[in-house]
S.K.: 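This structure is in structure tokens; I'll ask about it shortly.
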Amino acid sequence: MSGSQLWDDVDNYFSGHLSPDDEALEAAFRDSEAAGLPAISVTPAQGKLLQILAQVQGARTILEIGTLGGYSTIWMGRALPEDGRLISLEYSAKHAEVATRNLARAGLERVAEVRVGPALESLPKLADENPAPFDLVFIDADKANNAHYVEWALRLTRAGSLIVLDNVVRGGRVLNADSTEPDVVGTRAALDLIATHPRLTGTAIQTVGSKGHDGFALARVLA
């Protein structure tokens, strides 16, 4: 058995036992695929991890940067209380339309909102609304702007908030300090920011599974 097949099988075993999809989640996958969205959403195990992080936080407010078809949004939205709020920022109007339908099917239309446009344009507008600090921020958008997204997450959170930055390994390409690839440059800049910013403490974890060799960074906002 190849390494990648073994990773897939273990992922499927864990997901089937600990984070099985229900009809709303399965439909979100199906509709995203039918609409031609790229198959880059989080796995069920990763979605469950995000949900548990939100629950441990006692999160009432969540910010997501990068919606895609709303699969991860559903996982996190289910961790919120009835009067909670999740704002998800999505560049593509097509993706946002699919995600909005998926969220409505999951019964989260009153909790979760998808805003369309480049995140670096949406974030200043969001800040102008002076929202309550977000308890959890999940960043899973264009990797070139990862450092900018972490900076905005700092502005929109409070002491004790969590920031999750996805896809920080990409098969080990993050090691290449000489890389000019925008996703590598942006991810390394974000990791440098987490490592050096006085208001952040964090770590990064490698993962293997149905998405190959990748990983995520987790940062906590300090006082």
Side-chain angles (χ1 to χ4, degrees), residues 1-21 25 29 38-57 59 62-69 71-76 79 136-154 157 161-197 199-222:
M1 181 182 295
S2 68
S4 60
Q5 182 60 54
L6 180 61
W7 298 347
D8 288 350
D9 290 347
V10 172
D11 237 12
N12 291 334
Y13 169 71
F14 285 157
S15 296
H17 277 67
L18 301 172
S19 49
D21 281 342
L25 289 167
F29 260 138
I40 56 174
S41 64
V42 302
T43 64
Q46 292 165 344
K48 185 67 172 290
L49 174 61
L50 290 169
Q51 185 181 83
I52 290 173
L53 288 174
Q55 291 168 335
V56 169
Q57 278 292 93
I62 297 173
L63 173 63
E64 179 179 47
I65 303 175
T67 317
L68 195 61
Y71 184 79
S72 56
T73 323
I74 293 172
W75 276 108
M76 292 186 291
L136 174 67
V137 179
F138 178 48
I139 301 170
D140 189 13
D142 56 309
K143 311 309 173 187
N145 285 310
N146 272 341
H148 297 304
Y149 296 146
V150 172
E151 289 170 347
W152 272 107
L154 266 172
T157 52
S161 295
L162 291 182
I163 301 170
V164 182
L165 178 65
D166 203 12
N167 306 128
V168 299
V169 176
R170 292 292 184 165
R173 288 192 297 118
V174 71
L175 288 176
N176 187 359
D178 298 322
S179 176
T180 58
E181 296 178 82
D183 62 332
V184 174
V185 173
T187 296
R188 288 179 64 92
L191 293 171
D192 287 344
L193 180 60
I194 292 171
T196 60
H197 199 286
R199 292 188 59 226
L200 286 174
T201 182
T203 189
I205 302 296
Q206 296 184 80
T207 60
V208 295
S210 58
K211 295 300 180 65
H213 178 206
D214 213 326
F216 64 92
L218 176 66
R220 185 172 185 264
V221 180
L222 303 175

S.K.: Is H213 close to V169 at the side-chain level, that is, under 4.5 Å between some pair of heavy atoms?
M.R.: yes
S.K.: So V150 and L200, do their side chains get closer than 4.5 Å, heavy atoms only?
M.R.: yes
S.K.: If I compare all heavy atoms of I62 with all of M76, which pair ends up nearest, and what's the gap?
M.R.: CD1-O, 3.7 Å
S.K.: Short question: side chain of D214, backbone of R170 - any donor-acceptor pair under 3.5 Å?
M.R.: yes
S.K.: Any side chain to side chain donor-acceptor pair (under 3.5 Å) involving residues 44-54? Give me the pairs, sequence neighbours left out, ordered by first then second residue.
M.R.: T43-Q46
S.K.: Can a donor-acceptor pair be found, under 3.5 Å and without considering hydrogens, that links the side chain of N145 to the backbone of H148?
M.R.: no
S.K.: Using 0.5 Å steps for rounding, measure from the CG atom of N167 to the CZ atom of F216.
M.R.: 11.5 Å
S.K.: Mind checking whether W75 and L49 have side chains closer than 4.5 Å, heavy atoms only?
M.R.: no
S.K.: Would you compute the distance between atom CD1 of I163 and atom CD1 of I194 and round it to the nearest 0.5 angstrom?
M.R.: 7.0 Å
S.K.: Report yes if some heavy atom in the side chain of F138 is under 4.5 Å from a heavy atom in the side chain of V42; otherwise report no.
M.R.: yes
S.K.: Run the ring-ring contact (aromatic ring centres under 6.0 Å, His included) test against F29 and tell me which residues pass, sequence neighbours left out.
M.R.: Y71
S.K.: Just to verify, which of V174, N146, T187 counts as forming a side chain to side chain contact (heavy atoms under 4.5 Å, CB included) with V168?
M.R.: T187
S.K.: So, the side chain of D11 versus the backbone of W7: is there a donor-acceptor pair under 3.5 Å, distance only?
M.R.: no
S.K.: Is there a side-chain contact between S72 and E64 (heavy atoms, below 4.5 Å)?
M.R.: yes
